[in-house]
Amino acid sequence: MTAIATPATRPPPRRRLLGRQPLGYLFVAPYVVFLFAIFAYPLGFAVYISFHDYFFAAPGAIVERPFVGLQNYTDALADPVFHRAMLNVVIFIAINVPLTVFVGLILATALNTAIPFRTFFRASYFVPYVTASVAVIGVWLWLFSSGGLVNSTLGPLAPDPSWLVNSFWAMPIIALFATWKQLGFYVLLYLAALQNIPEELYEAAEVDGAGTVKRFTAVTLPGVRPTTTLVVITATITGANFFTEPYLLTGRGGPNGASVSPVLLIYTQGIEQGHAGYAAAIGVLLAIGVIAVSLVNRHLLERS
C-alpha cells in the first residue's frame with residue numbers, strides 16, 4: 001500500500017503576519033517606541049534640516065527655511081575647520097582604539113587570574129568610567145598644566161608650550177584621557193568573554209607543551225574575538241563622537257582648532273551660531289563615516 005502525501009496546510013494570514021507568539025510584539029513595543037523617538041526620528045529630522053537653511057525659532061513663530069539642496073554639504077566639505085576636525089577624529093581613534101583593545105585585554109586577563117586583591121582592582125578600574133567627566137577632567141588639568149605634576153617630574157624634558165596648549169600634544173593627551181576614562185567598561189566586557197572560555201582548552205594546550213604566551217595567542221585571542229569586534233566598533237563610535245574632552249580640557253578645541261572635534265563643531269555652529277542646517281550636514285557626514293569605518297572593521301575582524 002502506498003502512502004498518500006497530504007499537502008501541508010498553510011497557516012492563516014493572521015498567524016503568518018504575527019508569528020507563533022504575537023504576545024512578543026507587546027514586549028518589544030516599548031523599545032521600538034524608544035528607538036523611534038530617541039534615534040530614528042531625530043536622525044530623519046537631522047537629514048531634513050541638512051537640506052535647508054534652517055533656523056531655530058520660538059514656538060509658533062513663522063520663519064523662512066528655504067530648501068538649499070546640497071549646499072550645506074558642499075560648504076562642510078570645503079571648510080578647513082571641518083577638515084581639521086575629521087583629522088582629529090582619525091588621530092583620536094588611531095590612539096584610543098588600539099590602546100583600548102590591548103590594555104583592556106591585558107588587564108582583563110590579569111584580573112581573571114587568582115591575584116591578591118582581585119576584587120579591589122576590578123572595582124578600581126571601573127571607578128573612572130562611572131565618575132563624572134567634569135570631576136576627573138579637573139585632575140588631568142592639574143596633571144598636565146604648565147606647573148602640574150607631569151611637567152614637574154619631567155623637568156627640562158617637558159614640552160613647551162605645555163601639553164594641553166600644544167598643537168601637537170593636545171589630541172594625544174585627550175585620547176589618553178578618554179582611554180583611561182572608558183577602560184573599565186571594556187575590561188568588564190573582556191572579563192565576561194574570558195570567563196566563557198572553557199578551562200579544558202587551556203589544560204589541553206598546557207598538555208601539548210604550550211607556554212603562557214602560546215596559550216594566550218592560541219586560546220585566549222580566538223576565544224575573545226567576537227568581544228574584540230564589539231570593543232573595536234564601540235570604541236570607534238564613541239571616539240568619533242567625543243565632545244566633553246576638548247570642550248573642557250583644551251578650552252573648546254584649542255589651541256587654534258588643534259583639538260576640535262566634529263561634535264564640538266556641530267555644537268558651536270548649530271547652537272551657538274545658529275547655523276543648524278550646516279551643523280546637521282556635518283552630523284550626517286560624520287554618521288556616514290562612522291558607519292563605513294565600523295562596517296570595514298567588522299568585516300576585517302570577522303574575516304581574520
Side-chain angles (χ1 to χ4, degrees), residues 89-131 136 140 143 150 153-154 157 169 171-242 245 289-304:
V89 165
V90 173
I91 296 173
F92 183 95
I93 292 176
I95 297 173
N96 173 257
V97 174
L99 269 180
T100 297
V101 172
F102 178 76
V103 179
L105 181 56
I106 295 299
L107 288 178
T109 303
L111 294 175
N112 196 45
T113 58
I115 60 174
F117 307 106
R118 181 172 61 175
T119 303
F120 169 77
F121 285 116
R122 286 181 176 180
S124 299
Y125 285 117
F126 198 72
V127 165
Y129 179 74
V130 297
T131 304
V136 293
W140 279 68
L143 287 173
V150 175
T153 303
L154 293 177
L157 297 178
W169 286 107
M171 275 307 304
I173 295 300
I174 289 175
L176 287 176
F177 169 81
T179 303
W180 168 80
K181 178 79 169 59
Q182 301 166 2
L183 193 61
F185 172 72
Y186 298 111
V187 169
L188 189 64
L189 292 180
Y190 272 126
L191 272 174
L194 289 171
Q195 292 173 6
N196 286 326
I197 299 177
E199 190 64 29
E200 292 80 4
L201 295 178
Y202 290 102
E203 295 173 356
E206 189 173 359
V207 169
D208 290 340
T212 303
V213 176
K214 185 62 177 179
R215 290 198 300 271
F216 180 80
T217 56
V219 179
T220 303
L221 287 182
V224 300
R225 183 174 296 156
T227 302
T228 299
T229 302
L230 174 64
V231 168
V232 169
I233 293 176
T234 305
T236 300
I237 295 173
T238 304
N241 291 277
F242 72 102
E245 295 85 355
V290 170
I291 292 172
V293 172
S294 299
L295 290 176
V296 171
N297 283 336
R298 180 180 178 181
H299 174 72
L300 293 177
L301 290 171
E302 290 184 347
R303 188 178 65 175
S304 63

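Hydrogens, waters and symmetry mates play no part in the numbers below; they use all other heavy atoms, side chains included.
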task: Quick one: pull up CZ in Arg225 and CG in Leu230 and give me the separation to the nearest 0.5 Å.
output: 15.0 Å
task: Would you check if the side chain of Arg122 reaches a backbone N or O of Leu111 as a donor-acceptor pair within less than 3.5 Å?
output: yes
message: Within this structure, what is the CD-CG distance for the pair Glu203 and Asp208, rounded to the nearest 0.5 Å?
response: 12.0 Å
- prompt: Of the options Trp140, Tyr125, Tyr129, which is the one that meets Trp180 in a ring pair (Phe, Tyr, Trp, His ring centres under 6.0 Å)?
  reply: Trp140
task: Taking the side chain as every heavy atom from C-beta outward, state whether Leu221 and Leu105 have any pair of such atoms under 4.5 Å apart.
output: yes
query: Under a 4.5 Å cut-off applied to non-hydrogen side-chain atoms, are Ile233 and Arg298 in contact?
result: yes
Shortest non-hydrogen contact between Ala235 and Val97, atoms and distance: CB-CG2, 4.0 Å
- prompt: Tell me, do Pro128 and Leu183 make a side-chain contact under 4.5 Å, heavy atoms counted?
  reply: no
- request: Answer yes or no: is there a side-chain heavy-atom contact under 4.5 Å between Ile174 and Ile95?
  value: no
- prompt: In Å, rounded to the nearest 0.5 Å, how long is the span from OG1 of Thr179 to CZ of Phe102?
  reply: 13.0 Å
message: Quick check: closest heavy atoms across Ala193 and Thr227, and the distance to 0.1 Å?
response: CB-OG1, 3.1 Å
- line: Leu295 meets the side chain to side chain contact (heavy atoms under 4.5 Å, CB included) criterion, sequence neighbours left out, with Ile291
query: If only atom types and distance count, is the side chain of Thr217 paired as donor or acceptor with the main-chain N or O of Lys214 below 3.5 Å?
result: yes
- prompt: Which atom pair, heavy atoms only, marks the closest approach of Leu191 to Ala108?
  reply: CD2-O, 3.4 Å
query: Of the non-hydrogen atoms in Ala210 and Arg215, which two are nearest, and what is the gap between them?
result: O-NH1, 3.0 Å
message: I'd like to know if the side chain of Tyr190 pairs up with that of Thr109 as donor and acceptor (distance under 3.5 Å, no hydrogens or angles considered).
response: no
statement: When every non-hydrogen atom of Val219 is compared with those of Ala205, the smallest separation belongs to CG2-CB, 4.1 Å
query: Does any non-hydrogen side-chain atom of Val103 lie less than 4.5 Å from one of Tyr186?
result: no
- prompt: Rounded to the nearest 0.5 Å, how far apart are CG of Asn112 and CG of Leu194?
  reply: 5.0 Å
Heavy-atom pair with the smallest gap, counting every atom of Phe92 and Gly239: CE2-CA, 3.3 Å
query: Would you say Thr229 and Asn297 make side-chain contact, with heavy atoms under 4.5 Å?
result: no
task: Dump the intermediate steps for side chain to side chain contact (heavy atoms under 4.5 Å, CB included) on Phe121 and Leu107, then the final yes or no.
output: CA-CA 10 Å; Phe121 285 116; Leu107 288 178; over 6 Å; no
message: Rounded to the nearest 0.5 Å, what separates atom CD in Gln182 from atom OG1 in Thr234?
response: 10.5 Å
